[in-house]
Amino acid sequence: MSSISYKQQEPKTREQYKKSKKERIAKATGNRKYVRIRLIPIWLRIILFILLIVVCAIGGAMFGYGVLGDGNAGDVFNKSTWTHILDLIKK
């Protein structure tokens, strides 16, 4: 007598798929909970994101003033440059 193996029906909804996936993981791991280990902690991600924004803002100002504005890129760090820019905007 030959045994006939049949394929289980595929889940039709997303919830059914998630449930069947959790069941398969539970069977494979011996009913242990799945714990995700993050390589970079959330607090470090936030700090890196803020640091990246600051670096991009400084780099963009240097590029805009130095390349597009035909000035010296290092002049972005002078206070007189920013007062002159603000005077142009306000008047």
Side-chain angles (χ1 to χ4, degrees):
M1 194 175 234
S2 65
S3 64
I4 300 173
S5 64
Y6 58 93
K7 186 178 179 182
Q8 291 181 344
Q9 290 183 351
E10 292 292 323
K12 294 184 173 134
T13 64
R14 187 179 317 177
E15 289 81 17
Q16 290 174 345
Y17 178 75
K18 286 181 182 180
K19 186 177 178 182
S20 67
K21 184 177 179 182
K22 285 182 182 178
E23 290 172 357
R24 283 185 274 136
I25 290 174
K27 287 179 184 177
T29 59
N31 292 331
R32 289 181 282 161
K33 283 186 121 181
Y34 177 74
V35 178
R36 180 178 176 188
I37 299 172
R38 290 187 171 92
L39 296 177
I40 302 173
I42 294 175
W43 60 270
L44 185 58
R45 290 181 194 185
I46 294 171
I47 291 172
L48 289 174
F49 181 73
I50 292 171
L51 185 65
L52 184 64
I53 288 175
V54 170
V55 168
C56 287
I58 291 171
M62 290 177 69
F63 178 79
Y65 192 77
V67 177
L68 299 178
D70 293 330
N72 187 5
D75 289 342
V76 171
F77 301 111
N78 294 338
K79 184 179 178 181
S80 62
T81 303
W82 291 103
T83 55
H84 178 68
I85 292 172
L86 290 175
D87 288 341
L88 289 174
I89 292 172
K90 289 181 181 179
K91 293 182 181 181

Practice prompt. Could I get the full list of side-chain contact (heavy atoms from CB on, under 4.5 Å) partners for Ile47, not counting sequence neighbours?
Written response: Trp43

Worksheet item: Is it true that Ile58 and Ile50 fall in one hydrophobic cluster, defined by side-chain heavy atoms closer than 4.5 Å?
Response: no

Practice prompt. Kindly compute the distance separating CG (Asp70) from CG (Leu68), expressed to the nearest 0.5 Å.
Written response: 8.5 Å

Worksheet entry | Transitive ILVMFWY side-chain link Leu51 to Ile42, under 4.5 Å | no

Fill in: Separation between CG of Leu44 and CG of Leu39, rounded to the nearest 0.5 Å
11.5 Å

Worksheet item: Nearest heavy-atom pair of Val76 and Trp82: which atoms, and what distance?
Response: O-NE1, 2.5 Å

Worksheet item: Of all residues at least two apart in sequence or in a different chain, which pass the side-chain contact (heavy atoms from CB on, under 4.5 Å) check with Asp75?
Response: Tyr65, Asn72, Asn78, Thr81

Practice prompt. Answer yes or no: are there more than 12 heavy-atom neighbours, outside Leu86 itself, under 6.0 Å from its atom CG?
Written response: yes

Worksheet item: From Leu88 CG over to Thr83 OG1, what is the distance, rounded to the nearest 0.5 angstrom?
Response: 9.5 Å

